[in-house]
Amino acid sequence: MPHEFNRLEKERLARLERLREMGIEPYPNRAERTHTAAEAIRTLEQAEAQQAEEAPRVIVAGRLRARRVMGKITFAHIEDESGRIQLFFQANTLGKDALKQFNKLYDLGDFIQAEGFLFRTRTGEPTVHVESFRMLAKAITPLPPAKDEIVDGKVVRHAVLADSETRYRQRYADLAVNPEVRDIFRTRAKIVRALRDFLDDHGFLEVETPILQPIYGGAAARPFVTYHNQLKQQLYLRISFELYLKRLLVGMFEKVYEIGRDFRNEGISFKHNPEFTQLEFYWAYADYFKVMDFTEEMIAYVADRVLGTRKITWQGHEIDLSPPWKRIEMRQGLLEATGVDIAACPDAESLAAAMKAKGVEPKPNASRGKLIDQMVGDFLEPNFIQPTFLYDYPRDISPLAKARPGDPTTVERFEGFIGGMELCNAFTELNDPLDQEARFLEMGRTYAADDEERHPIDEDYLRAMRYGMPPNGGFGMGIDRLTMIFTDKRSIREVILFPHLRERGDGKDEDRAGEAAASE
RNA sequence: GGGCGCGUAGCGCAAUGGUAGAGCAGUGGCCUUUUAAGCCAUCGGUUGCAGGUUCGAGUCCUGUCGCGCCCA
């Protein structure tokens, strides 16, 4: 269905036609710019400092964001990625017709180019005295008309685009009018850059492993399923990188990492998006305690690089990202929080009974590990506001982690938490192929055939391990969540450029409800 | 999946069950240092969608779509 233009768009289309009639191409192929807005302002300041005789000349380009027409002069602001700069249009300089053209045929939101000399207005604002200007790209749809007012030195923004649905569905408009949203994604890019630099500096090799996988694994999650037509083969979008990265240790790489997208076909919430960005690394000859130390160091490094401080505020909490993080053994932590001693309960039945005795209602039909997970989620996780490692997890929910020597119910695994949210997950990796096979079979028995967290057995992974895999520590961390922590955002949708929303045409104005109802 | 809340003009918002409004944006005009410029005039609505109750529904009820928050 072709787009139906609204009243405001039709007005702009008419002006676009008018420009064409005047021989002006509203979407020219080439643009010119000598200075960004910020560079132009700096250039003026330098000229003033040097008491230059001639005013510096610039060509600036950007989106027209404000216009104040005052008879024979017009003030405007254009914005580029570096910021805003004021333009001064004067009938005496440009001629009456040119000024009228700018006032009547150019719209807020249009990309324009302007050439002239720099000066300061009466109020001291750096301004381009425009001698010529041209259209670079006409905007048909008006952007939300956010205006900034300075009150007591603070910027107060009016009528700013705030509807979260529109902001996420039309992120381009959100980014165009909300500069602080652009900053979130600059921060995100810096985080990823800092992580890469840290890992590279520590001798890790960045690799790329398959996103389309014949067998999914490495996490407890439901996959997206797809199909290769020519191979006539069902494929899955990966739910983790783990099994492929560890194959590389068999292949004699000792430190590898990957930053990329994982896909999990599960619920969407303020901390879950169906595709999310993950960092995983695997480190030969390391164990989970070494990985813990390394994690603290890495997060502190990223904080230093990205924020310039290790003390942050997240949702009103003062959080200190400096090492060392608090370390809590899971058994001890649960004993203190609930009075239940998981070490005294070797199976699900005894643990459920112990939980009931302490007034905690166990989830029905849950395994021992899932009951423990339940208690962690209810009694520990929300309290881990300061960076905290919780370590020594139950074996039956950790099929890829190595057991603790002398304690078959526990594996060497930790999770890191910040702001009451799980941030990372790591273990001393299981490298015994026979034990690994037994774990896979055990999982197959424990989970019902239709359980969404059931793992198919990856025979090729077992084959790789049989060739010999060095002892190693592995680590996975959600980049989206780390970005939430660093940017003080409560919702993962704020840190993902194009978060998934339920389908609804091109926008909230378009109604498909009627069509859907009619077709049923 | 369940509970609660929200959905009104391009944007941010009003409107006891009784004529759907003002601001910004837009349009026409005045204005040579403005900066949410100002002043005068003016255009703009399927109140998410579909039903229902009522003399009368943006408002109450049912269903539905979407978003948000809480829970699972």
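All values below come from the heavy atoms of this structure, side chains included, with hydrogens, waters and symmetry mates left out.
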Enquirer: Below 4.0 angstrom, N of the basic side chain to O of the carboxylate: do R368(A) and D347(A) qualify?
Expert: no
Enquirer: P atom, rC13(B) versus rG68(B): distance in rounded Å?
Expert: 16 Å
Enquirer: Under 4.0 Å, heavy atoms only, any strand: does S164(A) hit a base, just the sugar-phosphate, or nothing?
Expert: sugar-phosphate
Enquirer: Could you check whether L143(A) gets within reach of a base, just the sugar-phosphate, or nothing at all, counting any heavy atom under 4.0 Å?
Expert: nothing
Enquirer: Contact list please: residues 6-18 of chain A against RNA chain B, heavy atoms, distance less than 4.0 Å, in numerical order.
Expert: R7(A), L8(A), E11(A), R15(A)
Enquirer: With nearest nucleotide decided by heavy atoms, which residue, S269(A) or A91(A), maps closer to the 5′ end of RNA chain B?
Expert: A91(A)
Enquirer: Suppose you measure atom P in rA20(B) against the same atom in rA25(B); what distance do you get, rounded to whole Å?
Expert: 27 Å
Enquirer: Quick one: D163(A) CG to rC69(B) P, roughly how many Å, whole number?
Expert: 13 Å
Enquirer: Taking a pair as Watson-Crick or G-U wobble with both distances under 3.5 Å, which nucleotide is matched to rA9(B)?
Expert: none
Enquirer: Quick check on rC67(B): is either OP1 or OP2 less than 4.0 Å from any side-chain nitrogen or oxygen of R502(A)?
Expert: yes
Enquirer: Rounded to whole angstrom, note down the C1' distance from rG38(B) over to rU54(B).
Expert: 48 Å
Enquirer: Do E165(A) and R502(A) meet the salt-bridge criterion of a basic N to acidic O distance under 4.0 Å?
Expert: no
Enquirer: Salt bridge (Lys or Arg N to Asp or Glu O under 4.0 Å) with E81(A): which of R33(A), R63(A), R186(A)?
Expert: R186(A)
Enquirer: Establish, from distance only, whether the side-chain atoms of R493(A) and N273(A) form a donor-acceptor pair under 3.5 Å.
Expert: no
Enquirer: So which protein nitrogen or oxygen atoms get under 3.5 Å of nucleotides 37-40 of chain B's nitrogens or oxygens?
Expert:
residue, atom, partner, partner atom, Å
rA37(B), OP1, K147(A), NZ, 2.6
rA37(B), OP2, R68(A), NH1, 3.4
rA37(B), N6, V69(A), O, 3.3

Enquirer: If the P atom of rG21(B) is compared with that of rU42(B), how far apart are they to the nearest Å?
Expert: 14 Å
Enquirer: For rU34(B), does the base pair up with any side-chain atom of Q86(A) as donor and acceptor (N or O, under 3.5 Å, distance only)?
Expert: yes
Enquirer: Determine the interatomic distance between P on rG3(B) and the same-named atom on rA9(B); round to the nearest Å.
Expert: 28 Å
Enquirer: Just how far, in rounded Å, is C1' of rC71(B) from CZ of F270(A)?
Expert: 11 Å
Enquirer: Residues of residues 126-140 of chain A with any non-hydrogen atom less than 4.0 angstrom from an atom of RNA chain B: list those, numerically ordered, please.
Expert: none
Enquirer: With both distances under 3.5 Å as the test, what is the Watson-Crick or G-U wobble partner of rG17(B)?
Expert: none
Enquirer: Respond yes when some side-chain nitrogen or oxygen of K104(A) is under 4.0 Å from OP1 or OP2 of rG29(B), and no when none is.
Expert: yes
Enquirer: For the pair R481(A) and E415(A), find out whether any cationic side-chain nitrogen is under 4.0 Å from an anionic carboxylate oxygen.
Expert: no
Enquirer: Watson-Crick or G-U wobble partner for rG44(B), using a 3.5 Å limit on both distances?
Expert: none
Enquirer: Can you tell me if E54(A) has over 12 outside heavy atoms packed within less than 6.0 Å of its CD?
Expert: no
Enquirer: Would you confirm whether the ring centroid of F75(A) sits within less than 6.0 angstrom of the ring centroid of F88(A)?
Expert: yes
Enquirer: Give none if rA22(B) has no partner; otherwise give the nucleotide forming a Watson-Crick or G-U wobble pair with it, both distances under 3.5 Å.
Expert: none
Enquirer: Suppose you measure atom C1' in rC69(B) against the same atom in rU33(B); what distance do you get, rounded to whole Å?
Expert: 49 Å
Enquirer: For atom C1', what is the distance between rU53(B) and rC61(B), given to the nearest Å?
Expert: 7 Å
Enquirer: In whole angstroms, how far is the C1' atom of rC11(B) from the CD atom of Q170(A)?
Expert: 12 Å
Enquirer: Working note: E125(A) + R120(A), criterion salt bridge (Lys or Arg N to Asp or Glu O under 4.0 Å); need CA distance, chi angles, decisive distance, verdict.
Expert: CA-CA 5 Å; E125(A) 177 162 352; R120(A) 283 184 192 270; over 6 Å; no
Enquirer: Looking at R439(A) and E442(A), is any side-chain nitrogen of the basic one under 4.0 Å from a carboxylate oxygen of the acidic one?
Expert: no
Enquirer: Between rU19(B) and rU59(B), how far is it from one C1' atom to the other, in whole Å?
Expert: 16 Å
Enquirer: Any carboxylate oxygen within less than 4.0 angstrom of a Lys/Arg side-chain nitrogen, looking at D97(A) and K100(A)?
Expert: no
Enquirer: Tell me what R490(A) touches on the nucleic acid: a base, only sugar-phosphate, or nothing, going by heavy atoms under 4.0 Å.
Expert: sugar-phosphate
